[in-house]
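Reading through the structure tokens given below for one structure.
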Amino acid sequence: MLPVLMNVKSRREEYAEATRRALLDAATGLFAERGYAGTSVEDIARAARVTRGALYHHFAGKRDVFEAVFEELETATIPRLLPAEGAGEDPWALLVTGFDRVLEIALEPAYQRIALVDAPAVLGWARWRELAEHHVLGLLREVLAGLITAGLLRPQPPDLLARLLLAALVEAALTIASAPDQDRARTEAGLLLRDLLEGLRPHPGAPPSPVQPGGTAQG
């Protein structure tokens, strides 16, 4: 009897997961096409071919669905920022390439609409920033710490540096999304960010600036 009950539970879990997946897929397409304001709970349920009750079984409401969509979108961008397996580029080139990829993603209509246009307003600035940092900040901090250790960046508090550079990236992406000429904005943002990164590199012949245990560089 027990194996039968276990199989039933497994099938129920599979059905629940499939329903949630259908809701998220449907919502992603609708939010990208119509925006948050132009999409209703009924639209999402209809596109997913489930009832409103099924949607409310998995999510508290439209905002909850949107947050889940946004988190999935952010999670999916992380592998796109990483080098291909076996890539022979040096660590500095990988950092610059990662920044360039962020700006390229900012040009994509679906990402723009969901992550850059609607998310700050729907989730609130604090929650939007919290989720964005959760997905990217740790990776950026790790990369920067490695560059500092390798002597490719002047010693800086890695956490503070990661937060400042992430803020610059976010502002660049927001600017691209709202610019009349987005391709030009992307090019200009890329050049400025490269200049910013170059300014953090060690000056030839300059002595290193030690970082105090508290994380403050002296110089």
Side-chain angles (χ1 to χ4, degrees), residues 16-17 19-41 43-45 47-48 55-83 94-95 97-145 157-179 182 185-186 189-190 193 196:
E17 179 57 32
T19 300
R20 189 176 189 277
R21 179 75 266 146
L23 286 165
L24 288 175
D25 289 344
T28 300
L30 289 169
F31 289 143
E33 179 184 353
R34 305 179 186 177
Y36 182 81
T39 301
S40 68
V41 166
D43 292 333
I44 298 170
L55 184 149
Y56 284 116
H57 176 76
H58 291 277
F59 302 99
K62 186 172 74 165
R63 183 190 179 282
D64 197 30
V65 177
F66 182 86
E67 182 168 321
V69 166
F70 172 70
E71 283 206 82
E72 280 203 343
L73 191 61
E74 288 292 285
T75 300
T77 65
I78 299 302
R80 300 174 62 186
L81 306 180
L82 301 174
L94 294 177
L95 175 66
T97 299
F99 272 46
D100 283 341
R101 287 174 179 168
V102 170
L103 301 184
E104 288 298 322
I105 292 171
L107 286 171
E108 297 174 2
Y111 187 87
Q112 277 189 11
R113 188 68 178 264
I114 295 172
L116 301 176
V117 176
D118 281 344
V122 174
L123 304 177
W125 186 267
R127 179 61 174 160
W128 175 67
R129 177 180 172 183
E130 177 188 354
L131 290 173
E133 288 185 351
H134 171 73
H135 290 283
V136 179
L137 187 61
L139 174 63
L140 183 55
R141 185 192 300 117
E142 181 180 346
V143 171
L144 293 171
D159 186 69
L160 177 59
L161 181 58
R163 290 180 182 277
L164 291 176
L165 289 178
L166 179 57
L169 267 176
V170 168
E171 286 302 320
L174 289 171
T175 299
I176 291 169
S178 61
Q182 296 188 356
R186 183 259 176 271
L193 286 171
L196 177 61

Working for salt bridge (Lys or Arg N to Asp or Glu O under 4.0 Å), residues Glu108 and Arg80: CA-CA 13 Å; Glu108 297 174 2; Arg80 300 174 62 186; 2.4 Å; yes
Where is the tightest heavy-atom contact between [X] and [Y], given as atom of each residue plus distance?
{"X": "Leu140", "Y": "Leu166", "result": "CD2-N, 3.9 Å"}
{"X": "Gly35", "Y": "Asp118", "result": "CA-OD2, 3.4 Å"}
{"X": "Asp64", "Y": "His58", "result": "OD2-O, 4.4 Å"}
{"X": "Arg63", "Y": "Val122", "result": "NE-O, 3.4 Å"}
{"X": "Ala177", "Y": "Gln182", "result": "O-NE2, 3.2 Å"}
{"X": "Ala27", "Y": "Val69", "result": "CB-CG2, 3.9 Å"}

Please indicate whether Glu104 has more than 12 foreign heavy atoms, meaning atoms of other residues, nucleotides or ligands, lying under 6.0 Å from its CD.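 It does: Glu104 CD has more than 12 such atoms within range.
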More than 12 heavy atoms from other groups under 6.0 Å of CZ on Arg129: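 Result for CZ/Arg129: open.
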Begin from the C-alpha positions of Leu169 and Val136 and carry the test side chain to side chain contact (heavy atoms under 4.5 Å, CB included) through to its verdict. CA-CA 11 Å; Leu169 267 176; Val136 179; 5.7 Å; no
Step-by-step salt bridge (Lys or Arg N to Asp or Glu O under 4.0 Å) determination, Glu130 to Arg127: CA-CA 5 Å; Glu130 177 188 354; Arg127 179 61 174 160; 3.1 Å; yes
Taking Lys62 for its side chain and Thr39 for its backbone only, find out whether a donor-acceptor pair lies under 3.5 Å.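 Yes, Lys62 side chain to Thr39 backbone: donor-acceptor pair under 3.5 Å.
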Do the side chain of Trp128 and the main chain of Ala115 share a donor and acceptor less than 3.5 angstrom apart?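 Yes, because the side chain of Trp128 sits within donor-acceptor range (under 3.5 Å) of the backbone of Ala115.
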Heavy-atom distance under 4.5 Å between the side chains of Arg186 and Asp100, does that happen here?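 Side chain of Arg186 against side chain of Asp100, heavy atoms only: contact under 4.5 Å found.
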Glu72 vs Arg21, salt bridge (Lys or Arg N to Asp or Glu O under 4.0 Å): CA-CA, chis, key distance, verdict: CA-CA 11 Å; Glu72 280 203 343; Arg21 179 75 266 146; 2.7 Å; yes
Flag for Tyr111-Glu74: side-chain donor and acceptor within less than 3.5 Å: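 Side-chain D/A pair, Glu74 to Tyr111: present.
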Provide the full list of side-chain hydrogen bond (donor to acceptor under 3.5 Å, both in side chains) pairs with a residue in residues 26-37, sequence neighbours left out, each pair given once.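 side-chain hydrogen bond (donor to acceptor under 3.5 Å, both in side chains) check on residues 26-37 returns Arg34-Asp43.
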